[in-house]
Amino acid sequence: MGSDEAYNFVFKVVLIGESGVGKSNLLSRFTKNEFNHDSRTTIGVEFSTRTIQLKSLIIKAQIWDTAGLERYRAITSAYYRGAVGALLVYDITKHLTYESVERWLKELYDHADPHIVVMLVGNKTDLGSERSVPTEDAKDFAEKNGLLFLETSALESTNVETAFQNVLGEIHRKVSSKEVTRGSISAVSLSSPVPRAAGDPEEKKPCCRNL
Amino acid sequence: PTAYTWVLNLIVNMFLSPCFLCFYVKEYQVKVGPAPGPQVQLSAARRKNLEFEPLSTTALILEDRPPNLPAKSVEEAMRHKQEYDEMVAGARRRELKEAQKKRRQMKERFKQEDSIANAMVIWNNDVLPNWDCMRNTRRVRELWWQGLPPSVRGRVWSLAIGNELNITPELFEIFLSRAKERWKSFSETSSENEIEDSGSLQTDRESSLDLIKLDISRTFPSLFIFQKGGPYHDLLRSVLGAYTCYRPDVGYVQGMSFIAAVLILNLEEAEAFIAFANLLNKPCQMAFFRVDHDLMLKYFAAFEVFFEENLPRLFNHFQINNLTPDLYLIDWIFTLYSKSLPLDVACRVWDVFCRDGEECLFRTGLGILRLYQEVLLQMDFIHMAQFLTRLPDDMAADNLFSCITATQMLSSNRKWGQVTEVNWNSNSIFEKWASI
């Protein structure tokens, strides 16, 4: 998908959180503007890209989504490797999915770059009448842990675009302000579509990418 | 009577529909709390149902029939109520059981996550900084046996496999660009007539590069990581292509894609290549990937020595049925079990393989046979062959590992290395004799 587009950066973003919170639908809403009411459980990795314009830059978001994390320990390392952003998703109507946020955060910091940009996402605001996680609670938690925070509805397409845009914008801010030392967040692009763009947050001529 | 049946069917169907059950139980838990009387439950369910379902199910079963139908008798009304209560109770039981199961699974998962996190700290703080002096200590070997935490797995594998070949990342780049050139020229010439003057070696190499393309799409297809358009598709192709150019004498052999894929899941591109090339350079892997039949037969023979020693009954059963080890071992050894075992289990086998070397591969094979011994003893040739080439995908790592533990790699006081060595020696004598 879109492998021939020109772009300045590739950012790898991972979706994490308990199963059933709507990760796959957030992904498909953002990359394809689709919502699937009876979506299957994600087996293995779902992988999508979307190219967005951020000021004068073209950024390719490479988004990984999996349910397999609990199921296959074997892919944990590949999943987090090189990720510069994460959306940690819970379901605002299921308190248990919010309670496990801390576990996911720990798992994330155990495996990913410490400078990774993380957004806490409370999904399913369309089910407001069944809400069991107060916005304020989650907001406080996010603030305390230095996470971005938004509530979304993949179904009604509320805040989905904003959520991804904010994460990508923040990643770009970190990279371009060189707040992050080279080497740690240098894995800006994955080796797969742009084999050697990685170490370089400099703008890159989008030629000679393909084999 | 047909109208009754219809109404009753409707009621039953609606109650049994999963959405009603979940919704009912949830409502009941929220509003009523544990162990209320049936009366309370009904009203709670009725209220909610009227909001969401115009054709109220509870109303149907509890209310009288429409006036154009004969009224329910007292008995019938009682029976309906009883049936209704039974369905509700059944739903509650199922839901409770489900919740209990889920809690148990969560607890198990948390426990596992905690032990992985603890192990990770030990590996990072104690073992890895002191690798050379700690790797063979009893404590580290035991920790290793428990399975490596995903965050250090790649590093430990790299260190354990080593880099006897002294491959540098730069060397990888050189072979990678060579592979890319060849792919490019290959795709350019393949549309035209094939080049006549290319030697047979050249065509072999090219066909082996083409084979890579075919195999990549078949490597862990359920993960969607390596297929075309997947995140690591190009990476897998790069590692395999570079290897083909690095070792044209070996080329690409089917089964390699699985090994490279498992390494890519745990290592960066160049590191994965270095580990891949060094791993394939081990004597056992070289014997298999170069399809050295004589050497392979020696490995099978050594395997059978330990097979007979450990599982005499099954060994006998295999012999009677003429089931030879090549039928299942080739697949297992070529892919280092990554195709045959569930991926997580396979990675644990790899952990031990990195610790113990080739002996572990054959010991694992015997562990699998031990695990399924009773099942296999009931089967004939064709069923055994099918079973062993398609192992159950629900195999639990702990069960397999206790079977591996129970497998002694000692035959008449000889260890694996000694048994294979004897075979090698007789082999070299045989070869010398044959070559004269």
Side-chain angles (χ1 to χ4, degrees), chain A residues 1-3 10 12 14 18-20 42-49 62-66 68-83 93-94 96 99-100 102-104 106-112 129-130 132 187 189-196 198 208-211, chain B residues 26 30 102 105-106 109-110 112-114 116-117 120-121 124 147-154 173 176-177 179-181 183-184 187 220-227 229-238 241 261-262 264-270 338 342-348 350 397:
Chain A
M1 188 198 291
S3 62
V10 181
K12 174 174 171 180
V14 294
E18 293 296 287
S19 63
T42 313
I43 305 165
V45 169
E46 294 218 1
F47 169 77
S48 258
T49 58
Q62 190 189 63
I63 305 156
W64 293 52
D65 164 34
T66 184
L69 276 193
E70 311 100 84
R71 230 168 305 161
Y72 304 106
R73 285 272 143 215
I75 60 172
T76 311
S77 152
Y79 192 68
Y80 291 110
R81 193 197 315 153
T93 72
K94 293 209 177 70
L96 269 177
E99 285 164 37
S100 59
E102 246 171 305
R103 289 203 150 261
W104 280 105
K106 186 176 179 308
E107 159 118 350
L108 181 68
Y109 288 132
D110 277 353
H111 296 95
S129 60
E130 294 172 44
S132 68
S189 70
L190 254 191
S191 24
S192 122
V194 192
R196 226 129 309 281
C208 59
R209 291 185 296 102
N210 287 320
L211 299 181
Chain B
K26 190 174 155 206
V30 170
K102 193 141 186 223
Q105 282 173 340
M106 289 283 267
R109 198 181 115 198
F110 291 166
Q112 207 193 348
E113 278 173 13
D114 287 342
I116 289 172
M120 189 181 84
V121 173
N124 276 326
L148 298 169
S151 57
V152 300
R153 183 168 262 155
E173 293 298 334
L176 179 58
S177 53
K180 284 178 183 173
E181 265 165 44
W183 264 313
K184 219 172 125 196
S187 65
F220 300 123
S222 66
L223 290 180
F224 302 113
I225 288 181
F226 300 104
Q227 282 58 47
Y232 285 145
H233 170 270
D234 293 1
L235 208 75
L236 180 55
R237 199 170 76 142
S238 297
V262 173
I264 286 169
L265 286 177
N266 291 284
L267 290 162
E268 300 282 351
E269 191 174 17
S338 55
L343 189 52
D344 278 344
V345 184
C347 282
R348 274 195 65 184
W350 278 49

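Worth knowing before you read on, the calculation uses all heavy atoms, side chains too, and leaves out hydrogens, waters and symmetry mates. Chain A is the first sequence line, chain B the second, and so forth, proteins listed ahead of strands; every chain is numbered from 1. Small disclaimer: the values here were computed from a predicted structure and weren't measured.
- Rounded to the nearest 0.5 angstrom, B:Arg109 CZ and A:Ser100 OG are separated by 6.5 Å.
- Using a cutoff of 4.0 Å between basic side-chain nitrogens and carboxylate oxygens, A:Arg103 and B:Asp114 are scored as salt-bridged.
- Heavy-atom minimum distance, B:Gly230 versus A:Phe47: C-CE2, 4.0 Å.
- Using a 4.0 Å cut-off between charged side-chain N and carboxylate O, A:Glu18 and B:Lys102 make no salt bridge.
- In this structure, chain A has heavy atoms under 4.5 Å from both the backbone and the side chain of B:Phe110.
- To the nearest 0.5 Å, atoms CD1 (A:Ile75) and CD1 (B:Ile225) are separated by 5.0 Å.
- If you measure heavy-atom distances from B:Ile116 to chain A, the contacts under 4.5 Å come from the side chain alone.
- Summarising the local packing, CD of A:Glu102 is surrounded by 12 or fewer heavy atoms from other residues, nucleotides or ligands at distances under 6.0 Å.
- In plain terms, the two heavy atoms of B:Leu343 and A:Ala74 that are nearest each other are CG-CB, 3.5 Å.
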